[in-house]
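Down below is the structure, laid out as structure tokens.
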Amino acid sequence: MPNIPPAENRRPSPAAIDAVLDGYERLMHRLVASHAPEFTEVSITMAQAKVLYVVMAAGRLRMSELAARLGIGSSSASELADRLVEMGLLQRNQEPDDRRQVVVSATTAAEALLERFRELNQRQLRELLEQLEIDELDVIDRSLEVFGRALDRRAAATDGRSTSTIHQGETHP
């Protein structure tokens with residue numbers, strides 16, 4: 001399905017977007033409060049989890065690239081990486097082409113930890129979805145399709161090409 005941007009006059013107002021963001025923040029606070037004990041079992045901070053996600057998405061990163069992607073200073077990125085190295089979640093190596101450059105990559109332990117996060121999030125989402133009625137679940141499914149189209153529009157605007165949406169075409173009994 002081609003990705004056609006919405007007409008300008010159909011774009012939401014900043015106030016409408018802010019209202020949705022406020023609702024999302026309230027929902028996330030409720031989710032975190034109801035599942036805080038499970039997340040605290042994981043034994044890393046949110047800042048450390050962010051580092052792991054960024055490194056895993058890239059495969060390996062120079063420390064300067066890690067700092068830039070996180071929007072923090074090099075010393076802060078280095079401190080976070082050092083702690084994750086001590087925990088066995090990251091490994092540091094020298095760049096083969098430039099031994100002055102340090103690169104970090106995730107370990108198998110980090111991959112396992114992030115898989116645990118993914119499973120926990122999926123279980124929590126499944127528990128919530130099971131509380132919905134069929135028509136409510138359909139609204140969520142359609143909303144995911146809409147978000148997929150928004151991602152396509154952003155990608156097309158960023159790199160000039162369209163990507164496929166997440167539409168699965170499934171119905172929910």
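Positions are given from 1, in the same order as the sequence printed here.
Nearest heavy atoms, Leu89 versus Ala110: O-CB, 3.1 Å. The minimum heavy-atom distance linking Met56 with Ala106 is given by the pair CG-CB, 3.5 Å. Of all heavy-atom pairs between Ala47 and Leu80, the closest is CB-CD2, 4.0 Å. Contact record, Gly88 with Ala109: O-CB, 3.7 Å, taken as the closest heavy-atom pair.
Hydrophobic cluster membership is shared by Tyr24 and Leu128, with clusters built from Ile, Leu, Val, Met, Phe, Trp and Tyr side chains linked at under 4.5 angstrom. In this structure, Ile140 is not a member of the same hydrophobic cluster as Val146, with clusters built from ILVMFWY side-chain heavy atoms closer than 4.5 Å. When hydrophobic clusters are built by joining Ile, Leu, Val, Met, Phe, Trp and Tyr residues whose side-chain heavy atoms come closer than 4.5 Å, directly or via intermediates, Ile17 is not grouped with Phe147. Residues Val139 and Leu129 do not share a hydrophobic cluster, clusters being chains of Ile/Leu/Val/Met/Phe/Trp/Tyr side chains in contact below 4.5 Å.
In this structure, CG in Leu90 is found 9.5 Å from CG in Asp82, a value given to the nearest 0.5 Å. Taking CG of Leu61 as the reference point, atom CZ of Arg69 lies at 4.5 Å (rounded to 0.5 Å). Taking CG of Leu84 as the reference point, atom CG of Leu52 lies at 5.0 Å (rounded to 0.5 Å). Here the straight-line distance linking atom CD of Glu130 with atom CG of Leu137 works out to 10.5 Å at 0.5 Å rounding. Separating the CD1 atom in Ile134 from the CG atom in Asp141 is a distance of 13.0 Å, to the nearest 0.5 Å. Arg149 contributes atom CZ, which lies 11.0 Å from atom CG of Leu144 (distance to the nearest 0.5 angstrom).
Counted by atom type alone, Gln91 and Ser105 present one or more donor-acceptor pairs between their side chains at under 3.5 Å. Ser78 and Arg92 share a donor-acceptor pair across their side chains, judged by distance under 3.5 Å alone. For the residue pair Gln122 / Arg118, a side-chain donor-acceptor distance below 3.5 Å is found, with atom types taken as modelled.
Thr158 places a side-chain N or O within donor-acceptor distance of the main-chain N or O of Arg154, the cut-off being under 3.5 Å. Listed for the Gln48 side chain is a donor-acceptor partner under 3.5 Å among the backbone atoms of Thr45.
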Output, in order, the C-alpha distance, side-chain angles, deciding distance and verdict of salt bridge (Lys or Arg N to Asp or Glu O under 4.0 Å) for Glu86 and Arg83.
-> CA-CA 5 Å; Glu86 290 171 11; Arg83 180 67 183 123; 3.4 Å; yes
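Taking 4.0 Å as the cut-off between side-chain N and carboxylate O, Arg62 and Glu65 do not count as a salt-bridged pair.
When each of Val103, Val55, Leu66, Asn93 is checked for a side chain to side chain contact (heavy atoms under 4.5 Å, CB included) with Arg60, only Val103 meets the rule.
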